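Structure first, then comments.
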Amino acid sequence: MDLFMIDSDTDEYTESSDSEELEDRETFFGGHAQSILTSLDDSILKIDDFLSFERGFSHGDIVSHISDPSGQLGRVVDIDMVVDLETQSGKVLRDVNSKRLVRIRSFMAGDYVIMGSWIGRVNQVIDLVKIVFNDGTKCEILVKDPEMLVPVMPGWYEEMIQFYYPGQRVRMKTAGTSSKTAKWLCGDWGTKNSDEGTVCSAEAGLVQVYWISSLSSVWGSCKTDPTPASLQEPKNLTLLSCFQYANWQLGDWCTLLDVASAGAPKSSVKMVKSYGQGSSNIFTISKTRTTIDVLWQNGLVSVGMDPRTVAPISNLGDHDFWPEQFVLEITIASEEACAPKFQRVGVVKKVDALERTVKVKWGRNHDEFVGDAKEETVSAYELVEHPDFSFCVGEVVVRLVPSLDKVEEAKTGFDSLPCFGIFVGYKEGGVEVKWANGLLSKVDPFEICGLERLLDIVSPQPVSEVVTNATDSTRFSNEQENQGSCDDPKILDESSFDCVESLRKASARLFPKAAFDFLSDLFGRPHVLNHSGMVKEETNDLVVGSTERQLDANETTKPEPKKLQTEAAKPSDTANLPVIYAKPREFKRFDVIDECPDHYFTNKTGSSQVKKCWLKKIQQEWSILENNLPESIYVRACEDRMDLLRACIIGAAGTPYHDGLFFFDICFPADYPNEPPLVHYHSGGLRLNPNLYESGKVCLSLLNTWTGSGTEVWDPKSSTVLQVLLSLQALVLNDKPYFNEAGYDKQVGRADGEKNSVTYNENAFLLSCKSMMYLIQKPPKHFEDFVREHFTCHAPHIIAACKAYLDRAQVGSLCKNEELLGACLKSCSTGFKLMLAKLLPKLVSTFTEMGIDCNPSNPLAPVSG
């Protein structure tokens, strides 16, 4: 009852006082709420304004339209930037042109500088700071160590600044190095009674320079100028720079020389007048707004583009060219080696990026690039960037001496500033350079050379072969101890003979019975090997020293092939293997030959000791290869050198390498299998795969020539040569080799990546055809008959495929009997067809000269099924 009454009273009180309380609350909180909401709106606007930053671009960057990423590409040729600047007090100067900004220090680490005839790179800048202490004393100090002069009570603003500025409060060390590097302008160290003071000026005091080269050494003068001292005063140096106005970023610190005209507060102008470049003239870039000018491949220029409408391109295709770029024409004579030969020099005028065609103005001399020089539309696949006339925007260049008179002038102290410059771009058959004296001029491309390229020519670095994966003697000896030692130490440990001789003796005396059986089948008669390694018709007894013994059957039993660990590279993966062809006679997939004098590793020497465990492992490898090679891989082992193999892989259907032959020389190192085999690719001077270099290097994680983990790398317990060969066929010579390049796998499925992949496939097929012509005329030893037989069978299919590519099909889309592997929605590019139309007659002529019938009715043509 009482409780009810209390509740009723409470309700009555609440109802009667509700309106009055609301009025009081509105009066008390109304102004604060409005202020809070207004501040919140302002904060949200500031956050949105900060987050709406734009992507930054630099001169020379490659871009594409966001709306058409697979279309033509463009190059940024100019940038217009305005910025908002914020002071320490939070005041903002808006819409300041970046060309009016000045760096805090005139020199910074990484800058290129000129002194006399020398060019160098700045390593370090030592500040010269003037300080006024609290007691009125003044000093000037070179701050070689930041601990010599530290800010007083640094806040977040001070911690972000990595330099000294006027008006900054600092504390100076009272002893040690500071007293030695300080120069007193008023008073001295003894009269000073305070360690704290105010910076009144700060500038670069000394600049430490790494001197790169001089004009006299570049021009070949017999007398070179002495190298300047490393530490230099700034007044002795000339800065070599370009495009500084376009390289500002959010958070950068800068100054303004014309603060008043920029709209700065009057107090800031007064401080600048009284203190010079004071703290009020130090700004942080809080926002940037840029527009860019883009030169497209078709020759058009877009001016004032919003950078948000384009996307950067990080990986440029091998056959993307630009207007005014210098190029060379590639021609390959079928009767010579397939390494490219260069003929005409040209200047690109226009590019059709989708069809891979280029309009070029030809000329054998530079003077022929202008005027009535011949213009022609050619395939992008028959062009290459001119190696001597190729420059990157912003690259440091040096003017080459036109005559010996200039060399003599260099000795008399002439002005060297017009001889060092920055490459700006190509223009009307020439190149534009901004020189160290500030002038911009157009010169002929042969008048200049890139600094880094020039240094490689003038001072070539010695090239030394680095041998990795050294033999682990402890591990190797333990393995030998576990597997048993050699029966005849005089054979396996003869230090007086080289490795090759040891291998020959070991091959002769430790050849297993399985190998004898194999060779019996090969030669059609029972045989053994005599002391010199030659075959003779006797018994299956093995002579060791002066004793004869019969090999135990269990000792020579062929082991079961080990399960391969590399993914997508197992013997069962035969979906992409080439079509089976009828052959005039059987060419064995595995065979043993007497010798291989043209093998890449013939002259390679290793340990003079050949261990029995090593021989047993090689015999196991031979057995695995003999029993498990697919029909598209052929291997020859060398009887005279058991450490050598030669393999041939047939390019699989559905890839740009179909019907091609790819030869590899293999060598078993002395520490095999603890180390992977050495593999060399017969490139013929062509780069038709990212993993196969012109030099013959094979880049594969299984060979430890590239990074990998788990089953991707060589495992001494399970990895085999067969696994290597299957990986080369399935993982390297695949249907989209473009994505084999390191990091390019991230582009799979992206428009620009797929576009580059199609272009790479087209070029890979063209190079594969050139490789065919070369192999027909210069087949590797012991594969002469196989090369002839292969192309006798495959020539009709190769020619038919070429005609299909000229018609409607994409490269790699054909299988047996010219049937499409899938729906072909797009044909090859016009540039590819132009190049293939030039190449096809040479290919047919090469086949015909070798007596190979290219008629599809050839009975040796591919059989279906």
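Along the sequence shown, residues are numbered consecutively beginning with 1. The structure displayed is predicted, hence computed values, not measured ones.
Scanning for side chain to side chain donor-acceptor pair (under 3.5 Å) contacts around Trp322 gives an empty result, with sequence neighbours left out. For the side chain to side chain donor-acceptor pair (under 3.5 Å) test, residues two or more places apart in sequence or in another chain that qualify with Glu324 are Lys349. For Trp435, the ring pair (Phe, Tyr, Trp, His ring centres under 6.0 Å) test picks out no residue, with sequence neighbours left out. Residues passing the side chain to side chain donor-acceptor pair (under 3.5 Å) test with Gln124, sequence neighbours excluded: none. Under the salt bridge (charged side-chain N to carboxylate O under 4.0 Å, His left out) criterion, Lys746 pairs with no residue, sequence neighbours left out. Partners of Phe420 under the ring pair (Phe, Tyr, Trp, His ring centres under 6.0 Å) rule, at least two apart in sequence or in another chain, do not exist in this structure. Residues passing the ring pair (Phe, Tyr, Trp, His ring centres under 6.0 Å) test with Phe243 are His59, sequence neighbours excluded. Taking Asp95 as the reference, Arg289 meet the side chain to side chain donor-acceptor pair (under 3.5 Å) condition, with sequence neighbours excluded. Partners of Tyr744 by ring pair (Phe, Tyr, Trp, His ring centres under 6.0 Å), not counting sequence neighbours, listed by chain and number: Tyr738. For Asp752, the salt bridge (charged side-chain N to carboxylate O under 4.0 Å, His left out) partners are Arg750, not counting sequence neighbours. Residues forming a salt bridge (charged side-chain N to carboxylate O under 4.0 Å, His left out) with Arg121 (at least two apart in sequence, or on another chain): none. The salt bridge (charged side-chain N to carboxylate O under 4.0 Å, His left out) test applied to Glu233 returns Lys235, not counting sequence neighbours.
Of all non-hydrogen atoms in Cys242 and Asn247, the two that sit nearest each other are O-ND2, 4.3 Å. Taking all atoms of both residues into account, the shortest heavy-atom contact from Leu400 to Cys449 is CD2-CB, 3.9 Å. Here the shortest heavy-atom pairing between Val82 and Asn97 reads CG1-CA, 4.2 Å. Summarising the geometry of Tyr426 relative to Ser390, their closest heavy-atom pair is OH-CA, 3.5 Å, with the distance given to 0.1 Å. Nearest heavy-atom pair, Ala109 versus Asn123, reported as atom, atom and distance to 0.1 Å: CB-O, 3.7 Å. Nearest heavy atoms, Val125 versus Ala204: CG1-CB, 3.7 Å.
Side-chain contact check for Arg103 versus Asp111: some heavy-atom pair is nearer than 4.5 Å. You'll find the side chain of Val433 reaches within 4.5 Å of the side chain of Val397, heavy atoms only. Counting heavy atoms from C-beta on, the side chains of Trp296 and Leu73 never come closer than 4.5 Å. Using a 4.5 Å cut-off on side-chain heavy atoms (C-beta onward), Leu239 and Gln244 make contact. In this structure, Glu741 and Gln747 have side chains that are not in contact, with every pair of non-hydrogen atoms separated by 4.5 Å or more. Residues Tyr112 and Ile212 have side chains in contact (heavy-atom distance under 4.5 Å, counting atoms from C-beta outward).
Aromatic ring pairs are classed by plane angle as parallel below 30°, tilted from 30° to 60° and perpendicular above 60°; the pair Phe389 and Phe326 is perpendicular.
For the atom pair CG (Asn315) and CD1 (Ile62), the distance works out to 11.5 Å, reported to the nearest 0.5 Å. Distance CG/Leu295 to CG/Asp78: 12.0 Å, rounded to 0.5 Å.
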Is there a side chain to side chain contact (heavy atoms under 4.5 Å, CB included) between Val348 and Gln297? Walk through the geometry before answering. CA-CA 10 Å; Val348 175; Gln297 289 179 301; over 6 Å; no
Determine, stepwise, if the pair Leu149 / Asp127 fulfils side chain to side chain contact (heavy atoms under 4.5 Å, CB included). CA-CA 11 Å; Leu149 203 63; Asp127 286 337; over 6 Å; no
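More than 12 heavy atoms of other residues, nucleotides or ligands sit less than 6.0 Å from atom CE of Met115.
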